[in-house]
Engineer: 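Can you read through this structure? Questions will come right after.
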Amino acid sequence: MIGRPRSLRPSGGTTRARHTVLGALAGIAALLATGVTTAPASAAPEPGAVAPSAQERALDFWTPQRMRAATPLDTLSVDPSDVRAPAPRKGKATVVAPSAPASDVGPLAIPHGGGPWSGGGAVAKTAGRVFFTYQGRTASCSGNAVTSANKSTVLTAGHCVKMQGAWHTNWVFVPGYHDGQRPYGTWAASKTLSTPQWTASEDINHDIGAAVVAPLDGKNLTDVVGGQGLAFNTGYNKPMYSFGFPAAAPYDGEKFIYCSGTTFRDFLFSSDHGLTCNMTGGSSGGPWFTQFDEATGTGLQSSVNSFKYNFLPNAMYGPYFGADAQNLYQSAQSS
């Protein structure tokens, strides 16, 4: 039995907050809550909701200069004694097919511990950088557009939308970001969400977040960039690809990076997937895919970049997509 949790310590020098696992996990990014939607006097504002005026302010806020200056929140770094959380609830295996258009890519190496994705394909459009403000500073993360009923759903990490008890502000998604370019525009969140366990206590096993982005120029997100598929409750020890925009050394956030290999179940204290991967801060929230097809750049999203153990710097961990992740997706796509 694991003893009383102590504290989670973010790696690197930019964030040194200490907090318990059942309180708040330090990490790589989060989301938009500036200007919460006005609610009737008898009702409390919905957490994570963003008023249209705040969405406009977020789009104006993120100039190219601010994007270049945004610093990644450090990768969540966890000590063994810091983790004590229930395993994710399981359910029926469920798959949602990709809606991203197929496009040819070239073969790349698998396994791969971290390097630029040069293949192109659908993933180069659906994945992107997330930008937001956190504790008064600009920061970045990663995210991915998925097939959804509202055609406007982005999946990311829980700590990329909420951390240390507060929802992030000025949250935007830039699909296909590279070298300072925004080929498919900047999309402001109209709502951000996370699993109940992350919302309530920032539980490492449930570090999953989502955003619903507002239309841009009269179009919905996945009508422009397509959407990847999803897989829930499909087990462990799978060949997977992980993607993100790490912005801490040796990376700078300008390149799209991937890792690949056969995952393993965390043999220490979480119920996460593990993958050999050297991505750093800024990659949090980037998608993990099963059944990833290098020929088209499409796959089934099955996790997100979440945390690293202090003593295993070359292993990335991502939460298991079980019943609560599926419920989060349903809530987001029906918003």
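All values derive from a computational prediction rather than experimental measurement.
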Engineer: Using modelled atom types only, decide if a donor and an acceptor are shared between the side chain of Gln228 and the backbone of Ala145 within a distance under 3.5 Å.
Structural biologist: no
Engineer: Which heavy atom of Pro313 sits nearest a heavy atom of Lys308, and at what distance?
Structural biologist: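 For Pro313 versus Lys308, the nearest heavy atoms are O-NZ, 2.8 Å.
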Engineer: Would Thr133 and Thr138 count as a side-chain hydrogen bond (donor to acceptor under 3.5 Å, both in side chains) if you check the C-alpha gap in whole Å, the side-chain angles of each, and the deciding distance to 0.1 Å?
Structural biologist: CA-CA 4 Å; Thr133 54; Thr138 57; over 6 Å; no
Engineer: Check whether the side chains of Asn144 and Thr126 place a donor and an acceptor atom closer than 3.5 Å, and report yes or no.
Structural biologist: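 On atom types as modelled, these side chains qualify, holding a pair under 3.5 Å.
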Engineer: What are the two closest heavy atoms between Val50 and Ala189, and how far apart are they?
Structural biologist: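 Taking Val50 first and Ala189 second, the nearest heavy atoms are CB-O, 3.5 Å.
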Engineer: For Phe245 and Phe256, I'd like to know if the aromatic rings sit close, meaning centre-to-centre distance below 6.0 Å.
Structural biologist: yes
Engineer: Are the side chain of Lys255 and the backbone of Pro116 linked by a donor-acceptor contact shorter than 3.5 Å?
Structural biologist: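 Checking the backbone N and O of Pro116 against the side chain of Lys255, no donor-acceptor pair under 3.5 Å is found.
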Engineer: Among Thr156, Val130, Val225, Thr186, which one satisfies side chain to side chain contact (heavy atoms under 4.5 Å, CB included) with Phe173?
Structural biologist: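 For Phe173, the side chain to side chain contact (heavy atoms under 4.5 Å, CB included) test succeeds with only one of Thr156, Val130, Val225, Thr186, which is Val130.
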Engineer: If you apply the rule side-chain contact (heavy atoms from CB on, under 4.5 Å), what do you find for Val174 with Met67, and how did you get there?
Structural biologist: CA-CA 10 Å; Val174 184; Met67 286 187 176; 3.6 Å; yes
Engineer: When you measure from the centre of the six-membered ring of Tyr177, is the NZ or CZ of Arg182 under 6.0 Å away and within 45° of the axis?
Structural biologist: no
Engineer: Go through the steps for Phe243 and Trp117 under the test ring-ring contact (aromatic ring centres under 6.0 Å, His included), then give the verdict.
Structural biologist: CA-CA 8 Å; Phe243 293 87; Trp117 174 256; 5.1 Å; yes
Engineer: Tell me the closest heavy-atom pair linking Pro319 and Asp207, and the distance in Å.
Structural biologist: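 So the two residues come closest at CG-O, 3.7 Å.
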Engineer: Is there a side-chain contact between Phe132 and Val161, using heavy atoms and a 4.5 Å cut-off?
Structural biologist: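 In short, these two side chains do not touch, never coming nearer than 4.5 Å.
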Engineer: Could you check whether any side-chain N or O of Trp198 sits under 3.5 Å from a backbone N or O of Lys162, counting only pairs where one atom can act as donor and the other as acceptor?
Structural biologist: yes
Engineer: Under the disulfide (SG to SG under 2.5 Å) definition, can you give me all pairs with a residue in residues 279-335, not counting sequence neighbours?
Structural biologist: none
Engineer: Has Asn305 got a side-chain atom pairing as donor or acceptor with Gly285's backbone, closer than 3.5 angstrom?
Structural biologist: no
Engineer: Atom CD in Gln291, atom OH in Tyr241: separation rounded to 0.5 Å?
Structural biologist: 12.5 Å
Engineer: Checking the side chain of Asp272 only, and the main-chain atoms of Arg265 only, is there a donor and an acceptor separated by less than 3.5 Å?
Structural biologist: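 The answer is no, because no donor-acceptor pair under 3.5 Å joins these two groups.
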Engineer: To check you understand the geometry: which heavy-atom pair defines the closest contact between Gly180 and Glu254, and what is its length?
Structural biologist: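 Scanning both residues completely, I find the closest heavy atoms to be N-OE1, 2.6 Å.
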Engineer: Can a donor-acceptor pair be found between the side chains of Ser142 and Ser283 at a distance below 3.5 Å?
Structural biologist: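 No donor-acceptor contact under 3.5 Å links the two side chains.
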Engineer: Do Asp266 and Tyr309 meet the criterion of a side-chain donor-acceptor pair at a distance under 3.5 Å?
Structural biologist: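 The criterion, which ignores hydrogens and geometry beyond distance, is satisfied for Tyr309 and Asp266.
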Engineer: For the pair Thr71 (side chain) and Ala139 (backbone), establish whether a donor and an acceptor sit closer than 3.5 Å, ignoring hydrogens and angles.
Structural biologist: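 Flag not set: sc Thr71 to bb Ala139 has no pair under 3.5 Å.
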Engineer: Quick one: does Ser152's side chain have a donor or acceptor within less than 3.5 Å of a partner on Asn150's backbone?
Structural biologist: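 Yes, Ser152 side chain to Asn150 backbone: donor-acceptor pair under 3.5 Å.
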Engineer: Evaluate Gln197 against Glu202 for side-chain hydrogen bond (donor to acceptor under 3.5 Å, both in side chains), listing each step before the verdict.
Structural biologist: CA-CA 6 Å; Gln197 296 88 344; Glu202 300 183 7; over 6 Å; no
Engineer: State, to 0.1 Å, how close Gly253 and Arg129 come at their nearest heavy-atom pair, and which atoms those are.
Structural biologist: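 Gly253 and Arg129 have their closest heavy atoms at O-NH1, 3.1 Å.
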Engineer: Kindly determine whether His273 and Tyr320 satisfy ring-ring contact (aromatic ring centres under 6.0 Å, His included), including the steps that lead there.
Structural biologist: CA-CA 6 Å; His273 303 282; Tyr320 184 85; 5.6 Å; yes
Engineer: Nearest 0.5 angstrom please: Ser242 OG to Met316 CE, how far?
Structural biologist: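 Nearest 0.5 Å value for the OG-CE distance: 6.0 Å.
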Engineer: For the atom pair CG (Leu221) and CG (Leu216), what is the distance rounded to the nearest 0.5 Å?
Structural biologist: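 If we round to the nearest 0.5 Å, Leu221:CG and Leu216:CG are 9.0 Å apart.
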Engineer: From Ser194 OG over to Asp324 CG, what is the distance, rounded to the nearest 0.5 angstrom?
Structural biologist: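 Result: 11.0 Å between the selected atoms.
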Engineer: Any chance you could lay out the side-chain hydrogen bond (donor to acceptor under 3.5 Å, both in side chains) test for Ser302 and Thr290, step after step, and finish with the verdict?
Structural biologist: CA-CA 6 Å; Ser302 304; Thr290 54; 3.0 Å; yes
Engineer: Before you tell me yes or no, could you show the steps for Phe232 and Phe321 under ring-ring contact (aromatic ring centres under 6.0 Å, His included), namely the whole-Å CA-CA distance, both residues' side-chain angles and the distance that decides it to 0.1 Å?
Structural biologist: CA-CA 5 Å; Phe232 302 100; Phe321 271 22; 5.8 Å; yes
Engineer: Determine, step by step, whether Met240 and Ser260 satisfy the side-chain contact (heavy atoms from CB on, under 4.5 Å) criterion, reporting the C-alpha distance in whole Å, the side-chain angles of both residues, the deciding distance to 0.1 Å, and the verdict.
Structural biologist: CA-CA 6 Å; Met240 286 196 193; Ser260 62; over 6 Å; no
Engineer: Tell me the closest heavy-atom pair linking Trp62 and Asn170, and the distance in Å.
Structural biologist: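 Closest pair (atom of Trp62, atom of Asn170, distance): NE1-O, 2.7 Å.
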Engineer: Would the distance check show the side chain of Asp293 and the main-chain N or O of Ala295 forming a donor-acceptor pair, the cut-off being under 3.5 Å?
Structural biologist: yes
Engineer: Are Asn278 and Tyr251 linked by a side-chain donor-acceptor pair shorter than 3.5 Å?
Structural biologist: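 The criterion, which ignores hydrogens and geometry beyond distance, is satisfied for Tyr251 and Asn278.
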Engineer: In Å and rounded to the nearest 0.5 Å, what is the CD1 to CG distance from Ile208 to Asn327?
Structural biologist: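 Taking CD1 in Ile208 and CG in Asn327, the distance rounds to 10.5 Å.
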